[in-house]
Amino acid sequence: MNTDIMALIELKDVTKKYDKSTTALRHIDLSINSGEFVYLVGPSGAGKSSLIRLFYQEEKLTSGSMKVGEFDLTRLRKKDVPLLRRSIGVVFQDYKLLPKKTAFENVAYAMEVIGEKPRHIKKRVTEVLELVGLKHKMRSFPNQLSGGEQQRVAIARAIVNNPKVLIADEPTGNLDPEISWEIMQVLERINLQGTTIIMATHNSTIVNNLRHRVVAIEEGRIVRDEEEGEYGYHD
Ligand code: ADP
């Protein structure tokens with residue numbers, strides 16, 4: 001048996017161009033192991049969101065190679081994209097909840113679309129809503145929830161199918177500092193349960209106080225990669 005530790009995520013010489021004059025990522029080499037917590041930092045326009053969109057194939061890489069779990073993204077067929085997306089949970093700054101569904105239904109929907117059994121859905125959705133601290137509001141609609149509560153629902157939805165990786169693009173971007181800390185506690189808990197977390201952020205207080213690996217991107221290049229690094233910018 002091969003006992004080498006394989007990286008969960010591996011990018012080799014990845015370049016992403018949107019058109020001839022826009023190169024968002026240049027020659028990225030990056031390796032992330034299972035269970036890591038990685039902050040992606042860098043100025044606006046540096047390429048953080050472009051990198052995140054490559055992970056779940058909302059965008060295709062232009063050249064280089066990229067692996068996420070067992071998926072080789074350079075060779076991934078269109079029909080396998082939903083399978084890849086099942087192994088990745090994604091959380092955004094603006095929550096993206098379905099307004100006509102309750103908190104419970106928003107989370108349950110992610111299981112329904114992959115054909116899980118209703119009994120299993122009820123048990124698992126209750127469990128993840130409890131994990132994010134929102135079980136008592138599971139019958140509320142998004143417009144009856146605060147921003148922090150909506151983000152908890154979005155996180156519950158992102159992890160309900162047990163993804164290997166949770167990707168968060170500025171998850172605290174719309175939240176005040178106290179609520180941002182609460183959301184970070186939830187992400188910490190999820191990471192401690194073994195889920196790999198990649199989080200793009202401009203929140204220097206969080207990065208400097210809740211230390212994890214920091215990967216800094218500028219003009220499409222990785223310019224810094226440090227264990228327990230600092231935020232390092234003044235914005
Ligand atoms: P960040 O997330 O760090 O702010 P982005 O990945 O959004 O950076 O942007 C990196 C570069 O790619 C910028 O020059 C941006 O204008 C460009 N870009 C991002 N998305 C697109 C797109 N869909 N089409 C064309 N150019 C884009």
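All residue numbers refer to positions in the sequence shown, counting from 1. These values consider heavy atoms only, across backbone and side chains, with no hydrogens, waters or symmetry-generated copies. Order of appearance sets the numbers: ligands from 1, and atoms from 1 within every ligand.
- Using a 4.0 Å heavy-atom criterion, the residues that approach ligand 1 are Y18, T22, A24, P43, S44, G45, A46, G47, K48, S49, S50, R53.
- Sorted by first and then second residue, the ring pair (Phe, Tyr, Trp, His ring centres under 6.0 Å) pairs with a member in residues 10-40 read F37-Y39, F37-H212, Y39-H212; sequence neighbours excluded.
- A salt bridge does not link D80 with K78: every distance from a Lys NZ or Arg NE/NH1/NH2 to an Asp or Glu carboxylate oxygen is 4.0 Å or more.
- Scored by the side-chain hydrogen bond (donor to acceptor under 3.5 Å, both in side chains) test, E182 finds R152 as partners (sequence neighbours excluded).
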For residues 65-77, run the donor-acceptor check on the side chains, cut-off 3.5 Å, and write out each pair with its distance to 0.1 Å, sequence neighbours left out.
| residue | atom | partner | partner atom | Å |
| --- | --- | --- | --- | --- |
| K67 | NZ | A7 | O | 2.8 |
| D72 | OD1 | T74 | N | 3.0 |
| D72 | OD1 | T74 | OG1 | 2.5 |

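- For the residue pair N203/T201, the side-chain donor-acceptor check at 3.5 Å is not satisfied.
- One finds the CG atom of L97 at 8.0 Å from the CG atom of L145 (value rounded to the nearest 0.5 Å).
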